[in-house]
A.B. asks: 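This is the structure I have questions about; it appears just below.
Fair warning: this is a prediction, and the values are worked out from it, not measured in the lab. One is the number of the first residue; the rest follow in order along the sequence.
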Amino acid sequence: VRFQWWQPLVTQTSATTWGIDDIYVGPARPRPTSVTLTNPVDPNQFSASIGNTFMTYCGRDDVLFFNGTAGYHYLETVPVNIGPNGYLMFDLNMGCGSQSVNYVVEVHYSNTYGAEASALPVVGGAWQYMAAAQCNYIAQAATCTNWSYSEPPGSWSTATALFTYNSAWQGASQFFSLDYSTDYWNRPPWTHVIFPLPAGSPAGRRYRVVISRPSSASATFAISNFYIGTGCANGCGFRGSCVAGVCVCDPGAQAVGTTCVPQDGIPKALRQNFDIAPTTTYWSTILGGSLSSVNVISSSQSMVMSGTSSRRLVTADLDLRNASFVEYTLKLGASGDTLCAFSVDGGATWRVLDGSLSQGWSTTFLHIVGLPAEARVLGTRLLWWQPLFDGTSASAWTIDNIYIGPTSQPRPTQIYFTNATLDLDYYSAFPNGYQTSYCGRDNVLAFNGSNGFQYLATTNVDIGTDAYIQFDLNTGCGSPGASSIFVIELQYTDTLGNNSGSVGTSASGAWRYLLAAGCNPASTSSCAWTGSPPPGTYSTNPFSFTYGSSWPTAGAFISLDYTGGGNAISSTWTRVSVPLPATPANPGRRYRVVAQRTASSQWAISNLYIGNGCPGACNNRGRCVAGTCACDDGMVLSDNTCLPGPGLPGMLRESFDDPTLSTSSWSLALSGSLQSSSPFSSGRYFQFTGTASRRLVTVELDTRMATMIEYTIQTGTSSSSLSYSLNGGITWTNLDTASSGSGVVRVRTVTLPSAAQAYGVRFQWW
């Protein structure tokens, strides 16, 4: 038998010239049961190796390099007989750190020897993508919850560098040049390409790696560690390379049998504030992103995803066996939705956790998503990805304040920090927060108002009954900042705490105010309330309180009250002690201190404690340090709480004639000052005209022998209240309300109830 290749019609011009190569006519070759790329290429395993050569490339020796000259470049196997559960694996590098053109490397297979009616290298006819078309989460969010293989599938236009799709992905084994030339760390990465062989694996199937590209000298790529077979179980767990049928595992993975599995000792949590550059300890892939101070979420910089190719962040393998949720803040442009997904098999398959729709840069959203049981394992990766975007700045997006955890098991029963490093097992996020020196104290947690949101949020905790939150608060360090009044709020949630609205708007949705609404002493004479500042709603511009018959909100701290600059007694740090709500039936509550802020707000907290280790929060006469009371000067420790020391004054007499208030009589004087032209009588008086809370609080007194309080007051169009506290100002009980008097001077006499005749009583005019 003779065979002839023949051109029947020739016009004798160069346009009709043709060429031929790689001819084989003969008996059926033995079909290999595995394929390994060696130098030189084994003709018994590969039928064609076009446009390539072996060389040292991008830090590796003896790799198969495909140059950028004209013509088709591909590597194609002979027909092979691979058994079930086989994998195709190789390491891919495109451009070795520098890439200026868009092109695609694709992986195909054929069950019919690869005969094609169309020109190479288009998939069609006999050739198919290694991964079939799958659902598209963005178009089918209700039904599409997972997808497979190393690269999120999609079709690609090299002319516009855009993804396109309809209701399903068009294909799934395409690798885009801009994704594989370099990464965030400017590494020329070698990336694992791993595919389980398509179902069936019939005898005689062929495979190929082919470049689909414009003709350009820059369109280069290389492959190494090419293997097809069953010798490396589960594709080395997608955590290694298969070298001659043996797994060589990546850092953080170990060989077990014929595969790779995650090692114990990998990170158990991830906390990323992008003021600190991400590292490869916690991240495996960052594509299309850079640190930027534009469109930031918090502090000085965030991760802005605006690249021209794929936009993806992928964590390293994490040990999430004790984790419970993922928390992050996200700001989206006008187009291009994003999703968050997880993988437990090294990126082989992904399952959607959360999705976000484009917002036009209008709002920053806090996302808190519970981890399903299948994600709480050793070796989980998280992905944030934008499947579709138009390549303009309108489709960019920003991410920050990522937390995956907690790691503490059992959950902490108390939380604290003093002047040492924060225990990060206790806190999920503190955007814009820094441990630094502030207002005379070292290693406090200070918040900067230059950008973004400000809050400190705990992880899930199991706090027992009769518990308190206690901390020292300072806002502005003596500079009231009347033009930028802001409010610090205490909030809690018994769910994960995912807001339906933007971060820090209010205690809405899953978050609630720490203090329940209480009575209003201006309208209820027999009224008691809890909280260092009396609770209320507020407007910051201009500042005012508003309320009805009861306080609608509670747990708010007005910045002007805590600067120290508005206090005539002058104390720059103020202790806050607030009882916690009853413990929920299902433990795992979270707490946060959050600022409803302005751009110029600055505040700090120190000596934080949450728990029930100090009964009554040391009666607010000391601070709780890791469950033990450290009492204030003049106080005594008794049964791990603080009581007034001996020698308290048995009476108080104040005419305000001295030029300054005496600290032996008064502990707090807010929004007031001594005035000389008294409407009462000769001498000075104390007048309240400030823009924040107007309060005058005594030191602790011994009123066991006292029977009455007498004072002279002049009120304008608003009423004022006299109240007392037996526990250092944590709770207050109303004694007297002086209604609005339109400037009339009145003398008021109040008989002390027996409850107020005690050792260690404070009185407050407010």
A.B. asks: Are Asp345 and Ser343 linked by a side-chain donor-acceptor pair shorter than 3.5 Å?
C.D. replies: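 Looking only at side-chain atoms, Ser343 and Asp345 do form a donor-acceptor pair, the distance falling under 3.5 Å.
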A.B. asks: So which heavy atom on Leu382 is nearest to which on Val326, and how close?
C.D. replies: CD1-CG2, 4.2 Å
A.B. asks: For the pair Asp462 and Arg589, find out whether any cationic side-chain nitrogen is under 4.0 Å from an anionic carboxylate oxygen.
C.D. replies: no
A.B. asks: Between the side chains of Asn734 and Ser723, does any donor sit under 3.5 Å from an acceptor?
C.D. replies: no
A.B. asks: Any salt bridge between Asp319 and Arg376, counting N to O under 4.0 Å?
C.D. replies: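 Looking at Arg376 together with Asp319, the answer is no, because their closest N to O distance does not fall below 4.0 Å.
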A.B. asks: Do you know which two heavy atoms are closest between Pro579 and Ile730, and how far apart they sit?
C.D. replies: CD-CG2, 4.0 Å
A.B. asks: Excluding sequence neighbours, so at least two apart, what forms salt bridge (charged side-chain N to carboxylate O under 4.0 Å, His left out) with Asp632?
C.D. replies: Arg575
A.B. asks: Asp354 and side chain to side chain contact (heavy atoms under 4.5 Å, CB included): which single residue from Thr338, Ile368, Val369 fits?
C.D. replies: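 One option only clears the test, and that one is Val369.
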A.B. asks: Taking all non-hydrogen atoms of both residues into account, name the closest pair between Ser577 and Tyr468 and its distance.
C.D. replies: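 Closest approach of Ser577 to Tyr468, heavy atoms only: C-CD2, 4.5 Å.
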A.B. asks: How close do Trp573 and Arg441 get, counting heavy atoms only, and between which atoms?
C.D. replies: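 So the minimum-distance heavy-atom pair works out to CB-NH2, 3.5 Å.
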A.B. asks: Looking at Tyr282 and Ala269, what are the two nearest heavy atoms and their distance?
C.D. replies: CE2-O, 3.5 Å
A.B. asks: Pair Asp400, Thr329 - check side chain to side chain donor-acceptor pair (under 3.5 Å), show working.
C.D. replies: CA-CA 5 Å; Asp400 209 340; Thr329 46; 5.7 Å; no
A.B. asks: On the 0 to 90° scale, with breaks at 30° and 60°, tag the Tyr609-Tyr416 ring pair as parallel, tilted or perpendicular.
C.D. replies: parallel
A.B. asks: Compute the centroid of each ring, for Tyr328 and then for Trp384, and state whether the two points are separated by less than 6.0 Å.
C.D. replies: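 Under 6.0 Å, so yes.
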A.B. asks: Would you check if Tyr492 and Arg592 make a side-chain contact, meaning some heavy-atom pair closer than 4.5 Å?
C.D. replies: no
A.B. asks: Taking all atoms of both residues into account, what is the closest heavy-atom pair of Ile404 and Thr315, and its distance?
C.D. replies: CD1-CG2, 4.3 Å
A.B. asks: Looking at Asp472 and Arg623, is there a salt bridge between them, counting it only when a charged N and a carboxylate O are closer than 4.0 Å?
C.D. replies: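 Here Arg623 does not pair with Asp472 in a salt bridge, since their nearest N and O are not under 4.0 Å apart.
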A.B. asks: Does any non-hydrogen side-chain atom of Gln301 lie less than 4.5 Å from one of Asp275?
C.D. replies: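 When only atoms from C-beta onward are counted, Gln301 and Asp275 do touch, with a gap below 4.5 Å.
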A.B. asks: What do you reckon, are the aromatic ring centroids of Phe325 and Tyr403 less than 6.0 Å apart?
C.D. replies: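 Yes; Tyr403 has its ring centre under 6.0 Å from that of Phe325.
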A.B. asks: Between Ser725 and Asn727, do the side chains contain an N or O donor and an N or O acceptor separated by less than 3.5 Å?
C.D. replies: yes
